[in-house]
Amino acid sequence: MFTPVAGSSTAFTAPAGVKADLVKTSAGYKLTSRTTAQVIILDADGKPTSVADRNGNTTTIADTGTTPTSVQSSKGVDGARAASLTYVPETGLLNGVTQTSAGTTRTTTVSGNSKLSADGNLD
């Protein structure tokens, strides 16, 4: 857990072994990895709103306040940079990802008791 630096309203000390810097911003927090130069922007509640790699390629995450609703990338084929996410109303579990590119829409859904395994296959 990051701990506030005494006397500072914006700086935090990283836990032992963590090579990252956490800074409070006017809108939330900025977490920067010292090893990969990845930058994660978090809202005031600590939820990620964007992730950028060392080259500035950014993925933006939009949400309803409780769950992510879409993901937008700054790289890739223009039409394929965005995906929308859907959830099972009763459980709040992710059950679909939809992406449209060049007039073609692709949707992946998970139904029933299926779960995605670590290798991305359905169990």
Side-chain angles (χ1 to χ4, degrees):
M1 178 173 284
F2 284 83
T3 56
V5 171
S8 175
S9 61
T10 60
F12 292 84
T13 299
V18 174
K19 295 179 180 176
D21 298 311
L22 180 66
V23 177
K24 184 172 176 50
T25 66
S26 60
Y29 301 90
K30 179 180 177 182
L31 179 65
T32 305
S33 168
R34 285 184 243 135
T35 56
T36 66
Q38 180 184 58
V39 175
I40 301 172
I41 303 297
L42 306 133
D43 67 14
D45 294 325
K47 292 184 295 188
T49 59
S50 71
V51 179
D53 67 16
R54 71 174 64 241
N55 300 314
N57 302 315
T58 303
T59 300
T60 304
I61 305 157
D63 66 52
T64 62
T66 56
T67 56
T69 54
S70 67
V71 178
Q72 177 81 36
S73 175
S74 66
K75 286 304 232 180
V77 177
D78 285 342
R81 293 181 183 179
S84 60
L85 311 173
T86 57
Y87 299 84
V88 177
E90 298 81 16
T91 64
L93 297 174
L94 178 69
N95 75 334
V97 178
T98 302
Q99 182 183 46
T100 301
S101 178
T104 301
T105 298
R106 294 173 293 283
T107 301
T108 301
T109 58
V110 178
S111 61
N113 291 325
S114 299
K115 293 183 258 177
L116 285 173
S117 64
D119 61 6
N121 293 317
L122 289 175
D123 287 340

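Counting from 1, the numbers follow the sequence of the chain as shown.
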**Prompt:** Step by step, would you call Leu22 with Tyr29 a side chain to side chain contact (heavy atoms under 4.5 Å, CB included)?
**Reply:** CA-CA 7 Å; Leu22 180 66; Tyr29 301 90; 3.8 Å; yes

Do [X] and [Y] belong together in a cluster built from hydrophobic side chains that touch within less than 4.5 Å?
X     : Y     : answer
Phe12 : Leu31 : yes
Val39 : Val51 : no
Ile61 : Ile40 : no
Ile41 : Val71 : no

**Asked** For Lys75 and Asn57, what are the C-alpha separation, side-chain angles and deciding distance, and is it a side chain to side chain contact (heavy atoms under 4.5 Å, CB included)?
**Response** CA-CA 6 Å; Lys75 286 304 232 180; Asn57 302 315; 2.9 Å; yes

**Prompt:** Without hydrogens or angle criteria, can the side chains of Thr100 and Thr105 be said to hold a donor-acceptor pair below 3.5 Å?
**Reply:**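 Yes, a side-chain donor-acceptor pair sits under 3.5 Å.
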
**Request:** Could you tell me whether the side chains of Ser50 and Thr58 share a donor-acceptor contact shorter than 3.5 Å?
**Result:**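 No pair is found: no donor N or O on one side chain lies under 3.5 Å from an acceptor on the other.
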
**Message:** side chain to side chain contact (heavy atoms under 4.5 Å, CB included), that's the test. Do Leu94 and Leu85 meet it? Break it down for me.
**Reply:** CA-CA 7 Å; Leu94 178 69; Leu85 311 173; 3.9 Å; yes

**Donor-acceptor under 3.5 Å (Thr69 side chain, Ala62 main chain)** =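 Yes; judged by distance alone, with no hydrogens or angles, the pair exists.
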
**Flag, side chain of Arg54 to backbone of Thr36, donor-acceptor distance under 3.5 Å** =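 A pair under 3.5 Å: yes.
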
**Message:** Run Asp63 and Lys47 through side chain to side chain contact (heavy atoms under 4.5 Å, CB included) and show every step you take.
**Reply:** CA-CA 10 Å; Asp63 66 52; Lys47 292 184 295 188; 4.1 Å; yes

For [X] and [Y], which heavy atoms make the closest approach, and how far apart are they?
X      : Y      : value
Thr107 : Thr109 : CG2-CG2, 3.7 Å
Ala11  : Ser8   : N-OG, 3.0 Å
Ala14  : Ala20  : CB-O, 3.5 Å

**Message:** Applying salt bridge (charged side-chain N to carboxylate O under 4.0 Å, His left out) as the test, list every pair that has at least one member in residues 18-36; sequence neighbours left out.
**Reply:**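 As it turns out, the salt bridge (charged side-chain N to carboxylate O under 4.0 Å, His left out) pairs with a partner in residues 18-36, which skip direct neighbours, are Asp21-Arg34.
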
